[in-house]
Chemist: 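Pasting a structure below so you can have a look.
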Amino acid sequence: MKMTRYAIYQLPFENEKIRDLSFMSSKEVEDISDEFEFVAQCDARSLDEVFRIANFVCEEDESLIEVVGKMHSLSVGDIVHDLTTDETFVCANYGWEKIEMKESV
């Protein structure tokens, strides 16, 4: 399987919705997706590999991720955009759910 480039988006720490993010449905995340900020890009073979790399599990993966903002480890409620297929997903309690991301203001 070939590598794909993914963009990672997270709510800024100062956003008051961040504390409820892990309890939101994928539709609720989709509705506020314009409040997320681009924080990193990652080269990976799958969304699950993005999760592993973005949680900084292995030192050898450091070359696969470029952090460009204030990023915390990838977790429930964070958004990952596949730049090849133009599909967007939210990290769910278990796995990934496809969403439509709104443009950031």
Chemist: Are there over 12 heavy-atom neighbours, none belonging to Glu100, within less than 6.0 Å of that residue's CD?
Modeler: no

Chemist: Quick one: list whatever passes salt bridge (charged side-chain N to carboxylate O under 4.0 Å, His left out) with Asp31, sequence neighbours left out.
Modeler: Lys27

Chemist: How many angstroms lie between CD in Gln10 and OG in Ser75, if you round to the nearest 0.5 Å?
Modeler: 6.5 Å

Chemist: Give a yes or no on this: more than 12 heavy atoms of other residues, nucleotides or ligands lie within 6.0 Å of atom CZ of Arg5.
Modeler: yes

Chemist: Using side-chain heavy atoms (C-beta onward) and a distance below 4.5 Å, is Asp82 in contact with Thr88?
Modeler: no

Chemist: Would you say the side chain of Val76 lies within less than 4.5 Å of the side chain of Leu21, judging by non-hydrogen atoms?
Modeler: no

Chemist: So which atom in Arg45 and which in Glu49 form the shortest heavy-atom distance, rounded to 0.1 Å?
Modeler: N-OE1, 2.5 Å

Chemist: State, with a plain yes or no, whether a side-chain heavy atom of His72 is found less than 4.5 Å away from one of Phe13.
Modeler: yes

Chemist: For residues Val90 and Asp78, determine if any side-chain heavy atom of one lies less than 4.5 Å from a side-chain heavy atom of the other.
Modeler: no

Chemist: Rounded to the nearest 0.5 Å, how far does CG of Asp86 lie from CE of Met101?
Modeler: 11.5 Å

Chemist: Distance check, rounded to the nearest 0.5 Å: Glu35 atom CD versus Asn15 atom CG?
Modeler: 5.0 Å

Chemist: Is there a side-chain contact between Ile18 and Pro12, using heavy atoms and a 4.5 Å cut-off?
Modeler: no

Chemist: Indicate the atoms forming the closest heavy-atom contact of Val29 with Gly77, along with that distance.
Modeler: CG1-O, 3.8 Å

Chemist: Please report the C-alpha distance between Glu30 and Lys102 in whole Å, then the side-chain angles of each, then the deciding distance to 0.1 Å, and finally whether the salt bridge (charged side-chain N to carboxylate O under 4.0 Å, His left out) criterion is met.
Modeler: CA-CA 7 Å; Glu30 183 177 274; Lys102 296 179 179 182; over 6 Å; no

Chemist: Is any side-chain heavy atom of Tyr9 closer than 4.5 Å to a side-chain heavy atom of His81?
Modeler: yes

Chemist: Counting N and O atoms only, with roles assigned by atom type, does the side chain of Asp20 sit under 3.5 Å from a partner on the main chain of Lys17, one being a donor and the other an acceptor?
Modeler: no

Chemist: With a 4.5 Å heavy-atom cut-off, do Glu97 and Cys91 have their side chains touching?
Modeler: no

Chemist: How long is the gap from CG on Leu83 to CG on Asp43, to the nearest 0.5 Å?
Modeler: 9.5 Å

Chemist: Linking Ile, Leu, Val, Met, Phe, Trp and Tyr by side-chain heavy atoms under 4.5 Å, what else ends up with Val67?
Modeler: Met3, Tyr6, Ile8, Val39, Leu47, Val50, Phe51, Ile53, Phe56, Leu64, Ile65, Met71, Leu74, Val80, Phe89, Trp96

